[in-house]
Amino acid sequence: MQSNGKPCHNCRRRRLRCDRSWPTCHKCAASGQECLGYGKIFTWTQGIDGNGVIQSSQADRRANASATSSTSTTPNPPHGFVAFQPPTLAPVQQSPKHNGQSPVQTQIQKFLPSRPLPVDRTPPLTPKPTPTSRPMTGTSMALTDPLFQDLDRDSRYYLSHFADRVCQDLVARDQPNNNPFRELLPLTKQHPVLLQILIATSALHWSNIFRPVTDIPSELTDPGGYLAQLRSTDLVSRKALIDALTAKQRAMGHLREVLDTLDPAGNEVVLASLHFFIKFDLMDLEESGNGGWRTHLEGASSIMALLSKDPMSASSSRMLRDTVIADCFIYHILGSTISGGSLATRIARYALEILPIMKRVEVITYLSCPPEILQIILQASQLSYNESVPATTDWNLPAAGEAFSLIDQLLEFDINAWAAALEALPNVADIESRVHIASAHRSAACLYIIQALPFIRSVRSVDANFLVEDILSHLAEMPEDDPYFKATSWPLLFAGAETRDPEKRTWILKRLMSIWSRFRWGYIFTAIEMLKATWHLQDASPQSENVNWLRDLKGLGFNMLVV
């Protein structure tokens, strides 16, 4: 845990010995006080009246001028907050854990137990062109906008963290005025479901970032559970976790109300909200394959079906809408590879309509995988779902031909030509990294087809080791500070599950932990859990035997999403 060279402002003024823990003093937390931290104290220098007019305050200016000044290594705070001050911390009287779950989480698992998926009558997903609903820029707009003045301090802090930090993880490369997810913030005033799920996602992300250890022992069998246990014993992380679960529960209540009356005008807001319910599950350390993401994704597919029939409104934020649709489509495809092909059949009927959308936003989407490759993965998932014939019968020959046709399409796809077309677009950089990540996804897609349609091995021999080497050689060229580094977990999963080489396994595990150290999304530990289960299956079988680890993982009940 980091510590500071000076006591916090509270302990210094009260002349007490400070434990100097970062970012806030635990002694203040234990006494129920709000720790003022260690850096410069930021106070409001301006007020906003009921008409949205900024009013200066001499008292505030005097307080700001006399504030304590000291050196701090923490990030710059949002305007209007104490420097890197976490949400107000009160002593927690009870642990959020109860039989492995928090009371709030227990309620969350009852999401829509018997309700059909409806449509909402709220206004469309369109930021109104008012002076106060301006787009977010590189660092957040300080949330002094009158739109946010009715929110409590914690909510404003979490929305600021969403704009400043969470949004960076949601796109391939975060650039000023070019991240459509920041356009969601002005919409939260009109749509409580969107407000609460954004707060929940941001609070959970903050809880994951603040962890009381710097290293995770490599011999742990369940590193995600280990971190979750540590988080539950730390006051600051636990407070943020409780805030996240509480906001998610509120969001579910609002979602039920919205889904009771569906209207094409509000479908975009519902889709964006469901999209962040999925992201919440991807971020959660304790999701543990309970399938909540799948419920939300099935709801999103119903909304996407309605959207696909509506003409694009000229007033809508096309980039925001398209990016949300593209992400949901990616979740369907990658989810179908592990969880089952039924997700593929659910979304495949809209693939021809969604592919042009994917092409429009392929520069922005976080995965940086060519839509053409994703389309082939979708076709393979469909084929695997439709084919359940034993491998010894002649009925497999047509399906094997289709499977090899898909592999041939993957190998013939010209990634260099694809990258050259992207490079011709404005503001596109990192072409070399895009080539590496696309190549790794292509080889991983071939490995998936071999596992999903294992009868093709009886028709033609396949060198899976060559595909593993190709994935690892491309990913080795991507340093940890590469913005596309976060999109490498799916190829790492398939390469790791296929190899029996102990050195390659160790390298892949270290690589996944490096992704966690930079991006702090819980699905990384989902990938690690599946890899260790796969290696157990492989090591228990003869070296010469081709283990169908994908089928066995499904047989073990793995119902997880890795992106």
Side-chain angles (χ1 to χ4, degrees), residues 8-10 13 22-26 28-50 52 54-57 59-61 63-64 67-68 72 74-92 104 132 136 139-167 182 184-189 191-192 194-207 209-210 234-251 254:
C8 72
H9 295 299
N10 280 6
R13 291 171 181 173
W22 183 91
T24 58
C25 168
H26 286 179
C28 295
S31 63
Q33 294 195 27
E34 177 182 347
C35 181
L36 297 180
Y38 304 90
K40 180 181 291 186
I41 299 179
F42 290 79
T43 59
W44 290 106
T45 59
Q46 294 174 318
I48 301 177
D49 63 17
I54 297 176
Q55 301 291 334
S56 299
S57 168
D60 285 345
R61 285 196 295 270
N64 191 48
T68 305
S72 173
T74 56
N76 291 330
H79 178 72
F81 291 94
V82 177
F84 199 65
Q85 174 79 8
T88 306
L89 184 65
V92 181
V104 176
T132 58
M136 306 296 292
T139 57
S140 76
M141 64 178 196
L143 301 181
T144 57
D145 193 307
L147 280 173
F148 303 102
Q149 294 313 296
D150 291 339
L151 298 179
D152 60 86
R153 176 183 174 280
D154 290 3
S155 297
R156 284 186 290 149
Y157 180 89
Y158 287 131
L159 288 180
S160 180
H161 180 70
F162 176 84
D164 286 334
R165 180 61 184 84
V166 178
C167 281
R182 292 195 175 97
L184 291 169
L185 287 173
L187 302 174
T188 57
K189 183 67 175 177
H191 305 286
L194 189 60
L195 171 66
Q196 293 300 328
I197 194 57
L198 292 190
I199 290 174
T201 305
S202 181
L204 185 63
H205 186 270
W206 200 96
S207 180
I209 282 180
F210 185 85
D234 180 83
L235 291 174
V236 179
S237 295
R238 189 168 65 179
K239 173 62 166 62
L241 175 62
I242 292 173
D243 288 345
L245 295 174
T246 302
K248 185 182 179 184
Q249 187 181 37
R250 291 182 185 140
H254 291 301

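- Rounding to the nearest 0.5 angstrom, the gap separating the NE2 atom in His254 from the NE2 atom in His191 is 12.5 Å.
- Pairing each heavy atom of Lys239 with each of Asp154, the nearest pair is NZ-OD2, 3.5 Å.
- Going from atom CZ of Arg250 over to atom CD1 of Ile199 covers 8.0 Å, rounded to the nearest 0.5 Å.
- Distance check: Cys167 SG to Leu184 CG gives 7.5 Å after rounding to the nearest 0.5 Å.
- Here the side chain of Thr188 pairs a donor or acceptor atom with the backbone of Leu185 at under 3.5 angstrom.
- Ala203 meets the side chain to side chain contact (heavy atoms under 4.5 Å, CB included) test with Tyr158, Asp243, Ala244; sequence neighbours excluded.
- Note that CG of Asp150 and CZ of Arg156 are 10.0 Å apart. Values are rounded to the nearest 0.5 Å.
- The side chain to side chain contact (heavy atoms under 4.5 Å, CB included) test applied to Arg165 returns His161, Gln168, Asp169, His205, Ile209, not counting sequence neighbours.
- Residue Ile197 comes nearest to Ala251 through the heavy atom pair N-CB, 3.8 Å, listed as atom of the first residue, atom of the second, then distance.
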